[in-house]
**Student:** 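The structure follows.
Count residues from 1 along the sequence.
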Amino acid sequence: LVDNRTTQGKFLMLYGEPGEGKTSLAAQFPKTFFITTSGEQGIFLLKQRKVVDSSIPVVVLDELFPHNNIPDGGGHPGWIKCLETVRRFRDENHGFQTLVVDSTSGLQDLCFQHCASMQYAGDMDGEPFNGWARGYTKAAESYWSSELLPLLLGIVAKGLNVVLIAHSTYRQVENPSGPDYNRFQPALGKQIWEFTKKDLHGLFYLGREVMVSIDAKTKKKNTIGDRRFIGVSPSTYYVAKTWCTENDELEVGSSAAETWKNLRVALGM
């Protein structure tokens, strides 16, 4: 039997606060193709400012329905369009090497509305969808895990890359040996996050450490600088994961291209 795992691409997620450079870094990957959710303007602004290649193709997904106007049946056209685009990226000869989804946090909302349309008569407010979070769990199981993830993993299996971009949030971690603490993680629903994280080759947190001085007399705090970094290994401060490097953090360069050089070496690309 032939082991083809060495031909696989990378399945990665970049997450962090707005403005930390997630989209500009993702655009540095080889021969990128973007899928964006409605309202995500990052790639278009970067193109206008000539920070990234203006020829990068972008597919924009349909916006969310008003919460009280989700159709009964038919699903969400944005979710359907995403699956069709991902399937074509997997199956067709196109010359691109990296599929970027910006943002995964926005895409999960399309998934929820798609599930509500298909299985709950378009009602996300009623007990059938909200009771015991049944609708959110069903969306994760029936659509995210059963439809989307297999397509993305099929792309990776062909030697191409998938980069998911997500917003960040923080969750309280129960600490049995001391005070509980907050830790940053991608802003994704519990079930969707559980399904996604197990398949990722790398989960990278784009963060910023702010340096503060305290006046000895007034006790007033002043910001004196900051240090930007990419967290690639887990810590008490943020969730991260890598199969590609032994480093805990990578330095953010003076440009997206310079940061990409650091990340590319760590990824062995």
Side-chain angles (χ1 to χ4, degrees), residues 11 13-18 22 34-41 59-90 99-155 162-174 180 182-200 203 239:
F11 187 29
M13 179 179 285
L14 308 176
Y15 80 102
E17 293 296 297
K22 301 181 295 295
F34 271 68
I35 297 174
T36 69
T37 51
S38 178
E40 291 291 345
Q41 298 297 312
V59 170
V60 181
L61 304 181
D62 305 67
E63 64 185 16
L64 291 167
F65 291 117
H67 209 258
N68 60 351
N69 198 31
I70 300 171
D72 179 3
H76 195 290
W79 178 257
I80 295 168
K81 186 177 183 180
C82 178
L83 294 185
E84 290 175 347
T85 304
V86 173
R87 187 175 292 108
R88 290 181 61 186
F89 192 95
R90 182 195 64 182
L99 177 67
V100 180
V101 179
D102 187 6
S103 73
T104 315
S105 306
L107 184 58
Q108 78 165 354
D109 292 332
L110 294 181
C111 183
F112 294 149
Q113 289 201 353
H114 181 77
C115 179
S117 173
M118 297 296 289
Q119 300 195 39
Y120 295 89
D123 183 8
M124 289 185 66
D125 298 320
E127 195 277 337
F129 190 94
N130 279 296
W132 299 96
R134 279 188 295 265
Y136 298 100
T137 299
K138 180 64 70 173
E141 293 174 347
S142 298
Y143 302 105
W144 194 273
S145 176
S146 298
E147 293 186 346
L148 178 65
L149 288 180
L151 289 174
L152 296 178
L153 292 172
I155 290 172
V162 174
V163 179
L164 307 178
I165 297 176
H167 304 304
S168 66
T169 187
Y170 59 85
R171 296 282 189 268
Q172 189 174 77
V173 177
E174 295 183 0
D180 295 345
N182 292 325
R183 182 166 60 182
F184 283 99
Q185 69 176 57
L188 296 171
K190 180 180 178 181
Q191 293 298 327
I192 283 181
W193 173 231
E194 290 298 322
F195 282 126
T196 305
K197 69 179 182 180
K198 64 183 177 58
D199 290 320
L200 292 171
L203 171 67
V239 173

**Student:** What is the distance from atom CD1 of Ile165 to atom OH of Tyr15, rounded to the nearest 0.5 Å?
**Tutor:**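 The distance works out to 14.5 Å.
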
**Student:** Please confirm whether the backbone N or O of Gly189 pairs with a side-chain atom of Gln108, one donor and one acceptor, at under 3.5 Å?
**Tutor:** yes

**Student:** What pairs of donor and acceptor atoms, side-chain ones from residues 62-77 against any protein atom, are under 3.5 angstrom apart with sequence neighbours left out?
**Tutor:**
from, atom 1, to, atom 2, distance (Å)
His67, ND1, Asp125, OD1, 3.2
His76, ND1, Gly78, N, 2.8
His76, NE2, Glu63, O, 3.0

**Student:** For the atom pair CG (Leu83) and SG (Cys111), what is the distance rounded to the nearest 0.5 Å?
**Tutor:**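 SG of Cys111 is found 8.5 Å from CG of Leu83.
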
**Student:** With Thr169, which residues qualify under side-chain contact (heavy atoms from CB on, under 4.5 Å), at least two apart?
**Tutor:**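 So Thr169 forms a side-chain contact (heavy atoms from CB on, under 4.5 Å) with Arg171, Gln185, Ala187.
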
**Student:** Checking Lys198 side chain against Trp193 main chain: does a donor-acceptor pair fall under 3.5 Å?
**Tutor:** no

**Student:** Just to verify, which of Phe129, Tyr120, Tyr136, Tyr143 counts as forming a ring pair (Phe, Tyr, Trp, His ring centres under 6.0 Å) with Phe112?
**Tutor:** Tyr136

**Student:** Where do Phe195 and Leu149 land on the side-chain contact (heavy atoms from CB on, under 4.5 Å) test, with the steps shown first?
**Tutor:** CA-CA 8 Å; Phe195 282 126; Leu149 288 180; 3.9 Å; yes

**Student:** Are Thr137 and Gln191 close enough that a side-chain donor and a side-chain acceptor fall under 3.5 Å?
**Tutor:**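 Looking only at side-chain atoms, Gln191 and Thr137 do not form any donor-acceptor pair under 3.5 Å.
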
**Student:** Please name the pair of heavy atoms, one in Ser103 and one in Glu40, separated by the smallest distance, quoted to 0.1 Å.
**Tutor:**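 Where Ser103 meets Glu40 most closely, the heavy atoms are OG-OE2, 3.4 Å.
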
**Student:** Hey, mind stepping through Asp199 and Phe11 against side-chain contact (heavy atoms from CB on, under 4.5 Å) and telling me if it holds?
**Tutor:** CA-CA 8 Å; Asp199 290 320; Phe11 187 29; 3.8 Å; yes

**Student:** Would you check if the side chain of Ser38 reaches a backbone N or O of Leu61 as a donor-acceptor pair within less than 3.5 Å?
**Tutor:**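 Absent.
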
**Student:** Return yes if a side-chain donor-acceptor contact under 3.5 Å exists between Gln113 and Trp79, otherwise no.
**Tutor:** no

**Student:** Tell me the closest heavy-atom pair linking Glu147 and Ser142, and the distance in Å.
**Tutor:**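 Shortest heavy-atom separation between Glu147 and Ser142 comes out as CG-O, 3.9 Å.
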
**Student:** Which heavy atom in Leu148 sits nearest to a heavy atom in Cys82, and how many Å separate them?
**Tutor:**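 Result for this residue pair: CD1-SG, 4.4 Å.
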
**Student:** Take Phe34 and Val59 through the side-chain contact (heavy atoms from CB on, under 4.5 Å) test and state the conclusion after the steps.
**Tutor:** CA-CA 6 Å; Phe34 271 68; Val59 170; over 6 Å; no

**Student:** Between Val86 and Leu99, which heavy-atom pair has the shortest distance, and what is it?
**Tutor:**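 Between these two residues, the closest heavy atoms are CG2-CD2, 4.0 Å.
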
**Student:** Mark yes when over 12 heavy atoms from residues, nucleotides or ligands other than Arg134 sit less than 6.0 Å from its CZ; otherwise mark no.
**Tutor:**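 Yes, the 6.0 Å shell around CZ holds more than 12 heavy atoms from other groups.
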
**Student:** Might you point out which heavy atoms bring Pro150 and Ser145 nearest each other, and give the distance in Å?
**Tutor:** CD-O, 3.0 Å

**Student:** Could you go step by step and tell me if Asp102 and Thr37 meet the side-chain contact (heavy atoms from CB on, under 4.5 Å) rule?
**Tutor:** CA-CA 6 Å; Asp102 187 6; Thr37 51; over 6 Å; no

**Student:** Heavy atoms only: give me the nearest Ala166-Met13 pair and the separation to one decimal.
**Tutor:**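 Closest pair (atom of Ala166, atom of Met13, distance): CB-SD, 4.1 Å.
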
**Student:** Would you check if the side chain of Lys197 reaches a backbone N or O of Leu203 as a donor-acceptor pair within less than 3.5 Å?
**Tutor:**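 No, because the side chain of Lys197 does not come within donor-acceptor range (under 3.5 Å) of the backbone of Leu203.
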
**Student:** Check whether any side-chain heavy atom of Thr104 sits under 4.5 Å from a side-chain heavy atom of His167, and report yes or no.
**Tutor:**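 SC-SC contact between Thr104 and His167 ruled out.
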
**Student:** Are Leu164 and Thr196 side-chain neighbours, meaning at least one heavy-atom pair lies under 4.5 Å?
**Tutor:**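 Yes; the side chains approach each other to less than 4.5 Å.
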
**Student:** Rounded at 0.5 Å granularity, tell me how far CG in Leu188 sits from CG in Asp109.
**Tutor:**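 With rounding to 0.5 Å, CG (Leu188) is 9.5 Å from CG (Asp109).
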
